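Notes follow the structure.
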Amino acid sequence: MGVSGPIRVVVAKPGLDGHDRGAKVIARALRDAGMEVIYTGLHQTPEQIVDTAIQEDADAIGLSILSGAHNTLFVKVIELLKDRDAADIKVFGGGIIPEGDIAPLKDQGVAEIFTPGAATGQVVEWVRAHVRAA
């Protein structure tokens, strides 16, 4: 994990979800806030996302999902990070995620979940406050 310079965030769309407008909006907001953003594009596997985060020396991964597969895909990313000794990379997510799924996802290691209507400034401030925080 990088310790100097701008915060580095991989923004990814796991699974078969083909709608990426929200991910692009978040990527741009983070970039405009001075962070380095690597957008992986659509249809990424958890393995591809984790590989990219490690190769890019990312501080965080932002996952965007609308397909309903968040319980499987978010948790798989967390597991792969642990398996690759990269659990220091924080994972946050957003999209269509039912309220009842948020606490279990956080229990599995997802640091934060942003639901529809979250302001881009809220995401930026959360990343600033929690990524690289002790």
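Quick caveat: nothing in here was measured; it's all calculated off a predicted structure.
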For Ile78 against Gln108, the heavy-atom pair lying closest together: CG2-O, 3.3 Å

All pairs passing ring pair (Phe, Tyr, Trp, His ring centres under 6.0 Å) where residues 39-94 contributes a residue, at least two apart: Phe92-Trp126

Salt bridge (Lys or Arg N to Asp or Glu O under 4.0 Å) contacts touching residues 98-116 (sequence neighbours left out): Lys106-Glu112

Spacing of Ile49 atom CD1 and Leu73 atom CG [to the nearest 0.5 Å]: 7.5 Å

Pairwise distance OG1(Thr115) to CD1(Ile102) - rounded to 0.5 angstrom: 5.5 Å

Inter-residue atom distance Thr52.OG1 - Gln44.CD, 0.5 Å rounding: 6.0 Å

Shared hydrophobic cluster, Leu80 / Val91 (ILVMFWY, side-chain heavy atoms < 4.5 Å): yes

side-chain contact (heavy atoms from CB on, under 4.5 Å) assessment of Ile113 paired with Val110: CA-CA 7 Å; Ile113 298 290; Val110 178; 3.6 Å; yes

Closest approach of Val131 to Ala60 (non-hydrogen atoms, all atoms of both residues): CG2-CB, 3.8 Å

Interatomic distance, Asp83 atom CG to Glu47 atom CD [nearest 0.5 angstrom]: 10.0 Å

Taking every non-hydrogen atom, the tightest pair across Ala29 and Thr120: CB-CB, 3.7 Å

Trace of the side-chain contact (heavy atoms from CB on, under 4.5 Å) decision for Val124 with Met35: CA-CA 9 Å; Val124 167; Met35 298 175 206; 4.2 Å; yes

Pair Lys13-Thr40, side-chain contact (heavy atoms from CB on, under 4.5 Å): steps then yes or no: CA-CA 7 Å; Lys13 291 289 299 180; Thr40 63; 5.6 Å; no

For Gly100 against Pro104, the heavy-atom pair lying closest together: O-CD, 3.3 Å

Residues Val9, Ile38; criterion side-chain contact (heavy atoms from CB on, under 4.5 Å); working and verdict: CA-CA 6 Å; Val9 181; Ile38 301 93; over 6 Å; no

Note, Pro14 side chain near Ile65 side chain (heavy atom, < 4.5 Å): yes

SB check Arg132 Asp59 (cutoff 4.0 Å): yes

Atom pair OG/CZ of Ser64 and Arg21 - distance to nearest 0.5 Å: 12.5 Å

Salt bridge flag under 4.0 Å for residues Arg128 and Glu125: yes

Atom pair CD1/CG of Ile96 and Asp17 - distance to nearest 0.5 Å: 9.5 Å

N/O donor-acceptor pair under 3.5 Å between Lys90 side chain and His130 backbone: yes

Heavy-atom closest contact (His19 atom, Leu66 atom, distance): CB-CD1, 3.6 Å

Residue pairs fulfilling salt bridge (Lys or Arg N to Asp or Glu O under 4.0 Å) with at least one residue in residues 62-77, sequence neighbours excluded: none

Minimum heavy-atom distance between Ala87 and Lys82, given as atom pair plus value: CB-CG, 4.1 Å

